[in-house]
Amino acid sequence: MKIRIRFVKKGSMQYIGHLDLMRYFQKLFRRSGFDVSYSKGFNPHQLMSFASPLGLGITTVADYLDVSLESFKVTGLTGNELSGEVLSVEEWIKRINSHSNDMVLVTGIYILEDTAKTSMSLLTAASYVITGIDEKTCRDIVDYYNNNEQIMFEKQTKKSVKEINLKEGILALSYGFNAYDEAAEDFSVRDRAYERDNAEFDDGLYIFCLSGSETNIKPDMILESYHNHISPDTAFDKYAFDIMRTDMFYGTKKYISMSVVSGE
Amino acid sequence: MSKKLALSKEILMSVEKPARYIGDEINSVVKNPEDMDVRFCMCFPDVYEIGMSHLGIQILYDMFNRREDTYCERVYSPWADMDKIMREKDIPLFSLETQTPIKEFDFLGITLQYEMCYSNVLQILDLSHIPLMSKDRSNDDPIVIGGGPCSYNPEPIADFFDIFYIGEGETVYDQLLDLYKDMRKNGYDRKDFLSKAACIEGLYVPSLYEVTYNDDGTMASFEATIPGIPMKIKKQVATDLAEYYPEKPLVPYIKATQDRAVLEIMRGCVRGCRFCQAGMLYRPLRNRDVNFLKELARKMIQSTGYEEISLSSLSSSDYKHLPELVYFLIEEFKDKKVNISLPSLRIDAFSLDVMSKVQDVRKSSLTFAPEAGSQRMRNVINKGLTEDVILKGAKEAFDGGWNRVKLYFMLGLPSETDEDIAAIAELANKIAVEYYTIPKEVRNGKVNIVVSTSLFVPKPFTPFQWEAMNEAQVFTYKKGFLMSKIREQLNQKSIKYNSHDSELSVLEGVLARGDRKLCKVIYDAYKKGCMFDAWSEFFDAAKWDEAFKENDIDPLFYTHRKRDISELLPWDFIDIGVTKKHLIREYEKSMKGEVTDNCFVNCCGCGAAVYLKGGCKFE
Ligand code: SF4
């Protein structure tokens, strides 16, 4: 059985890297007795994959992890009070979270078709909110984005420098949750109630951008671009603000939240 | 919700592995510091991944936190990148749990697992803004306590510690904490507290003792400076090993050196190898109850989610219930994807059977630790492993499909000759020959033998505590000689040779058997920038050399000099149960190449039996 898990990673857990987070989930599932499938061979490992690694120093309220599951039964060592019992999705979320710290939390488990593609291959866009920047600057950045036909940004990769147009890569840039909610309405299908509960900031700079293997926009690119535009002689301070991923999407005509499983 | 971290995002994002500094590990203990009478910070003075792998700290962490009036937290050495930032920005070192400056704690307990961590002890104190010298500390500074194997010769670092706890932590810490709590309530004075602490069995307060020296640099006297405190400090031994053990060990987010649950099956060792300090310090042997261990293994795997459990002890094959325990673990964890790792097993039919069940024979290697190449040398060190046994074990293993062998030896053992060294190469070759007796069609490709040598460092409380250690050049010669001998072997292509850094071992030798005069040298070396000496990429021999020269101290006095049996040794004031008489007897027997039976075969009356009611009993 394939499932997708939506999870939160916040607080000091932003300093835990991608591979360590994977190891964290492996142990977490083992502690809670989640019946995850293993690969065959002498060194079996749990079958799981993330939609996209989250950079160090970034938090999330909706990242996704695909897991192959044997059953919804509680497995585990002899002496486990619940061993063998089948739990519901809601009960599983509770159980897993009771074995986690309070900064990595599961907030959704979705059952997928056996033929479903991985979240990683489906991913087309992601949304972020940036906090810790004053209102005036935020509004200036929004204006900078709105008033330019194209915004070219040099993306430094390991091997080369690539030019990308942020105007094409960023689908919406708004100040405050309500403005963002409105701007993204036309082209997205989101879990708005969840966003309101977990990522509603009146003073946040919201960015909805392309993500995944085709075009991968990082939310701070627009800030860096703006910074280089107004004060090209000073260094860009990339830790002066906080970035939180608010959701991840699939589809191209409309960007659909990974938490909306039907219609894939 | 999330606690406030001591370091800014900018700092955490600029260092390697920020997870070293955030705490919050699974199973870490959360308490409200305001409700506590005693705040204790446990420290392992090396990088996080090493420190988190240490079982002793986890046992004490659990033990302290069972007290309702005490909150025990942890700290490790900030890595060099973080060290630099903390100095530049003047950020005080903090605990992981509550991110509180160390200076605000009541106690700072530092575990001393190897001598090369001494400069890191000073780093910890310095970054914590605690005066490096005990004598300069005030009522507001924490009480700095040292423990662990190196505290059995605490003299080279005596000036930096307020108290040394000699022995196993499970016994008298409660007394110490109760005394502290009591005195804090009724007007606390540091000096007064320390002199009362000095009366608790097992605690050594170095500032209350005075040492004088002869003209030749040897010790003339060791005296207490105030009346009523003990002249002999008695090693502490836990007799009830079921009392404390963490059922919920801490699980780090980043991969620690020891990324698994650890099950300590027993303490102590019956073997009596003459070079081995741990073998003497932790006598007498105490087994843990097998049912206790079974239950514990289950609970630890359940509470951590670890995929591996490892048995730990000095010589696991000597554990009385080993087959019962191991077959239980195999059965219990069979379907749960939990690996079982079994270090330090003697190679025999049982261990081969077990190993073939728990690991991939093709990928794993067999380990032998003959420690010396010739039988003569093995008799000198009382390593009861014969060539026949090694070859027979290897053959059985080869028949079972293994083709990798690791061999551990020491260079520089007392009375060692070139022939003894050449015998190492020959032994490795004989093992290869043994492999090739298997018909080509049946065997599993080529044999792969790795010979590793460490350099022998004489340690306090061993029969070799009076012996001279080889100088660095001699080690270099011996390593080269062994290499050339290996190259002469018929199967030399199958044999790989690894060896240790000589200079590092020589400093270890100086610190291991040093006296109080070395405090100043360590202090100066630290001030010159020495740190992380256990890491070869940081170890700077030239700085240490300067520090010795400036203090007019010849390191060879501590390493190269053979001591007279009658000499007053810096650690003589510690009573580990094993008597000096026994050590002398063993030393003399070693020189005659005579072996001593292990405790199972025959008690040789080492003296450690005093710790057990009714003495040592092994049926
Ligand atoms: S007293 Fe005897 S049996 Fe006990 S540890 Fe010493 S030698 Fe071994």
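By convention in this document, chain letters (A, B, ...) are assigned in the order of the sequence lines, proteins followed by strands, and residues within each chain are numbered from 1.
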*Counting only heavy atoms not in E70(A), do more than 12 sit closer than 6.0 Å to its CD atom?*
yes

*How about K294(B): does its NZ atom have over 12 heavy atoms from other parts shown lying under 6.0 Å from it?*
yes

_Need one label for E25(B): side chain, backbone, both or neither, based on atoms under 4.5 Å from any heavy atom in chain A._
neither

*Can you check whether L19(A) reaches K255(B) side chain to side chain, under 4.5 Å on heavy atoms?*
no

_Point-to-point distance, once rounded to the nearest 0.5 Å, from NE2 of H99(A) to OG of S303(B)_ = 9.0 Å

*If you round to the nearest 0.5 Å, how far is CD1 of I26(B) from OH of Y24(A)?*
3.5 Å

*Run the numbers on M13(B) and K238(A) for side chain to side chain contact (heavy atoms under 4.5 Å, CB included), then give the verdict.*
CA-CA 10 Å; M13(B) 290 299 291; K238(A) 51 182 174 172; over 6 Å; no

_Taking side chain as everything from C-beta outward and backbone as N, CA, C, O, which of these in L5(B) sits under 4.5 Å from a heavy atom of chain A? Side chain, backbone, both or neither._
side chain

*Side chain, backbone, both or neither: which part of L56(A) has a heavy atom under 4.5 Å from chain B?*
both

*asked:* Is it true that, when you exclude K9(A) itself, more than 12 heavy atoms of the residues, nucleotides or ligands shown sit nearer than 6.0 Å to its NZ?
replied: yes

*Tell me, for F241(A) versus chain B, whether the close heavy atoms (under 4.5 Å) come from the side chain, the backbone, both or neither.*
backbone

*Check whether D335(B) gets within reach of chain A through its side chain, its backbone, both or neither, counting any heavy atom under 4.5 Å.*
neither

*Cut-off 3.5 Å, side chains only: do N101(A) and Y253(B) have a donor facing an acceptor?*
yes

*Between atom CD1 of I301(B) and atom CZ of R31(A), what is the distance when rounded to the nearest 0.5 Å?*
11.5 Å

*Measure across R30(A) and V338(B) and return the closest heavy-atom pair with its distance rounded to 0.1 Å.*
NH2-CG2, 3.2 Å

*Which distance, rounded to the nearest 0.5 Å, do you find between the CD of E307(B) and the CD of Q46(A)?*
6.0 Å

*Under 4.5 Å heavy-atom distance to chain A, tell me which part of T304(B) shows up: side chain, backbone, both or neither.*
backbone

*Would a 4.5 Å heavy-atom cut-off, applied to side chains only, mark Y15(A) and K17(B) as touching?*
no

*Answer yes or no: is there a side-chain heavy-atom contact under 4.5 Å between D24(B) and M103(A)?*
yes

*In Å, rounded to the nearest 0.5 Å, how long is the span from CD of Q302(B) to OG of S32(A)?*
9.5 Å

*What distance do Y306(B) atom OH and Q26(A) atom CD have between them, rounded to the nearest 0.5 Å?*
13.0 Å

*Does K9(B) NZ have over 12 foreign heavy atoms under 6.0 Å away?*
yes

*What closest approach, in Å, do P44(A) and K337(B) show between heavy atoms, and which atom pair accounts for it?*
CG-CD, 3.6 Å

